[in-house]
Amino acid sequence: MKEIEPGGLQLTPDEMRQLAARVTDVLIERNSDLDSSNAWDGEFREVLEQQFGGPPPEGERAADDVLEQILRHVLPNAARLDHPRFFGFIPSSPTWPGVLADFLASGFNINSCTWLVSSGTSQLELTVVEWMREWIGYPVSAGGLLTSGGSAASVEALVTAREAAQHPDRPTVYMSDQSHSALKRAASIAGVRRENIRIVPTDAEFRIDCDLLRAQIARDRANGLQPLAVCANAGSSSTGSIDPLQTLSTICTEEQMWLHVDAAYGGFSLVTSEGKARLAGIELADSIGMDAHKWLFQPYEVGALMVKDSVHLENAFAIGNDVLQDTVWGSNHPNFADRGIQLSRAARALKVWMSVQTFGMAKFRAAVQNGLDLARRAGDYIDSHQSLELVTPVSLGIVCFRVNPEDEHHSEAELEELNRNVLTRVFWDELAFFSSTSLKGVFSLRLCIINHTTTWEDVKRTLDRVVELGSDALNDS
């Protein structure tokens, strides 16, 4: 049998240095020039299919040619989520140490699955999880793990809740009409039939109505169903609304149900005194999902699931495996693969740890507070402007508003058409990017202001542009 020549999938040290230097230069140039670039660029499917479709090549290509093609035609066609005027969806603005941490983790080919395989990054994950425990105010019995994001954290939380409840036959899960779609998907994955996923209406401030929740739980019990968990919002995606966490904790205690809090973007406001006050009661939850690639300024992907009693996690996920028997080192050497759905796991703690060690929590705290302050200031600007209207109170970093001139009367249908027109014009505008939402049938423009590089000038220029585009749209109609 002919032996394969070793090194067929390797580059020379000089080639590696050349490529790495080019990538570094491109990233530094991109980050230094973000303010003057578009907040979004994209390309049509037919164009990209023509450029990148087809079978894989049999022969080699020069690595620098491959890199240049990617730099020209792939990576620029994306939302610049870290642009200082990208206010759509939930932005992400990573620190440079976080970016380098992912480069290092990939280069060292780390699998942060068990202590034996990577004790260094396992210890960093223990440390980062402990930081989060303290920010939340959880007891020492709490623990958790880093996940790919809020979707995985939601699945793991509801599987843990199911295990803690000893696998009820007819479970029901409750959430508000403002809850993220990931929670509905998670409930389904955890074994809850779709018709038993209860969507509870919200009040005027888009918080779950606790009286309606109690009534729904009572009806379900009377019909032989088994209420399993309530999923609360600590910063909903649409409005930033925060459910009454203390009341929900009381309900769940009385009903012997699990309380999970979706704090994917809002949770890291806990590092500020204002955020701690707004999220009062979150420490009462049985589990909490948080995304560090949002308001803790890390590159994708890094979320977290925190559980008040960490024993529940391993009860749900620890499964013996003969191939992994050598990884059991004792109780003081935890294996994160026993706490969640992944065995192969990225070293997500590295970027959080490196970023916090580099800048310190005082700067992180100030950066999060900046988002809170800018959102509040944007709300004041909208309140004071005769052609703009706040649709909901400003909450955390989210501002929901619309163009609605005081001196003119428009129907809801006309206002929706007007604001859709403004959104379309902004979408193709080079200044900024933001998105929309629907709130009890009201079409709303929406800013999410959590980027650590965003200034008041960025926000004001964007709102000034909305006023201008709104005026243009009215004149055109």
Side-chain angles (χ1 to χ4, degrees), residues 112-115 122 125-126 128-130 132-133 136 138-175 182-193 196-197 226-232 249 252-253 255-264 267 284-291 302-325 327-346 348-349:
S112 202
C113 56
T114 67
W115 191 272
S122 292
E125 190 159 352
L126 289 172
V128 170
V129 164
E130 176 64 11
M132 293 181 184
R133 184 191 70 77
I136 292 167
Y138 259 168
V140 293
S141 61
L145 78 165
L146 301 185
T147 69
S148 59
S151 294
S154 298
V155 171
E156 291 167 347
L158 292 181
V159 168
T160 303
R162 184 190 66 194
E163 181 71 26
Q166 299 181 334
H167 293 265
D169 295 326
R170 302 180 67 194
T172 54
V173 169
Y174 306 80
M175 61 192 69
L183 290 166
K184 302 180 185 72
R185 186 181 300 114
S188 181
I189 293 170
V192 180
R193 297 178 65 89
N196 293 340
I197 299 173
Q226 296 158 293
L228 172 66
V230 173
C231 298
S249 174
C252 288
T253 299
E255 297 286 348
Q256 294 185 308
M257 295 170 62
W258 187 276
L259 176 59
H260 174 66
V261 173
D262 178 9
L284 303 173
D286 294 290
S287 59
I288 303 167
M290 304 165 71
D291 281 355
V302 54
L305 173 64
M306 297 295 296
V307 178
K308 186 191 292 185
D309 186 347
S310 60
V311 171
H312 289 306
L313 269 180
E314 296 206 6
N315 287 345
F317 293 103
I319 297 175
N321 187 321
D322 289 344
V323 176
L324 300 177
Q325 62 184 346
T327 64
V328 179
W329 277 29
S331 60
N332 289 327
H333 296 104
N335 295 326
F336 280 97
D338 291 336
R339 299 186 180 185
I341 60 178
Q342 285 185 278
L343 176 57
S344 299
R345 302 175 70 250
R348 299 183 180 105

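We count residues from 1, following the sequence as given. Just so we're clear, the structure is a prediction, and the values are computed from it rather than from any experiment.
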> Side chain of Asn335, backbone of Trp115: donor and acceptor closer than 3.5 Å?
Replying inline: yes
Going from [atom1] on [X] to [atom2] on [Y], what distance comes out if it is rounded to the nearest 0.5 angstrom?
X	Y	atom1	atom2	answer
Thr114	Leu343	OG1	CG	8.0 Å
Thr253	Leu284	OG1	CG	8.0 Å
Arg339	Arg345	CZ	CZ	9.0 Å
His260	Cys252	NE2	SG	12.0 Å
Asp309	Tyr138	CG	OH	10.0 Å
His312	Phe317	NE2	CZ	13.0 Å

>> Before you tell me yes or no, could you show the steps for Arg348 and Glu125 under side-chain contact (heavy atoms from CB on, under 4.5 Å), namely the whole-Å CA-CA distance, both residues' side-chain angles and the distance that decides it to 0.1 Å?
In response: CA-CA 8 Å; Arg348 299 183 180 105; Glu125 190 159 352; 6.0 Å; no
Extract all donor-acceptor atom pairs below 3.5 Å that involve side chains of residues 156-165 and protein atoms in other chains or at least two apart in sequence.
| from | atom 1 | to | atom 2 | distance (Å) |
| --- | --- | --- | --- | --- |
| Glu156 | OE2 | Ile341 | N | 3.0 |
| Thr160 | OG1 | Glu156 | O | 2.6 |
| Arg162 | NH1 | Ala190 | O | 2.8 |
| Glu163 | OE1 | His167 | NE2 | 2.7 |

Tabulate below the donor-acceptor pairs under 3.5 Å that side-chain atoms of residues 140-154 make, not counting sequence neighbours, or state none.
| from | atom 1 | to | atom 2 | distance (Å) |
| --- | --- | --- | --- | --- |
| Ser141 | OG | Lys308 | O | 3.0 |
| Thr147 | OG1 | Gly149 | N | 3.2 |
| Thr147 | OG1 | Gly149 | O | 2.9 |
| Ser154 | OG | Gly150 | O | 2.8 |

Should [X] and [Y] count as side-chain neighbours, where that means a heavy-atom distance under 4.5 Å?
X	Y	value
Cys231	Val173	yes
Met132	Val128	yes
Tyr174	Pro227	yes

>> Please evaluate residues Ser287 and Trp258 with respect to the criterion side-chain contact (heavy atoms from CB on, under 4.5 Å), reporting the C-alpha separation (whole Å), side-chain torsions for both, the decisive distance (0.1 Å), and the verdict.
In response: CA-CA 8 Å; Ser287 59; Trp258 187 276; 2.8 Å; yes
> Does Asp291 have any side-chain hydrogen bond (donor to acceptor under 3.5 Å, both in side chains) partners at least two apart in sequence or in another chain, and if so, which?
Replying inline: His293, Lys294
> Which pair of heavy atoms, one from Gln226 and one from Asp169, lies closest together, and at what distance?
Replying inline: OE1-N, 3.0 Å
> Which atom pair, heavy atoms only, marks the closest approach of Val192 to Ile197?
Replying inline: CG1-CG1, 3.8 Å
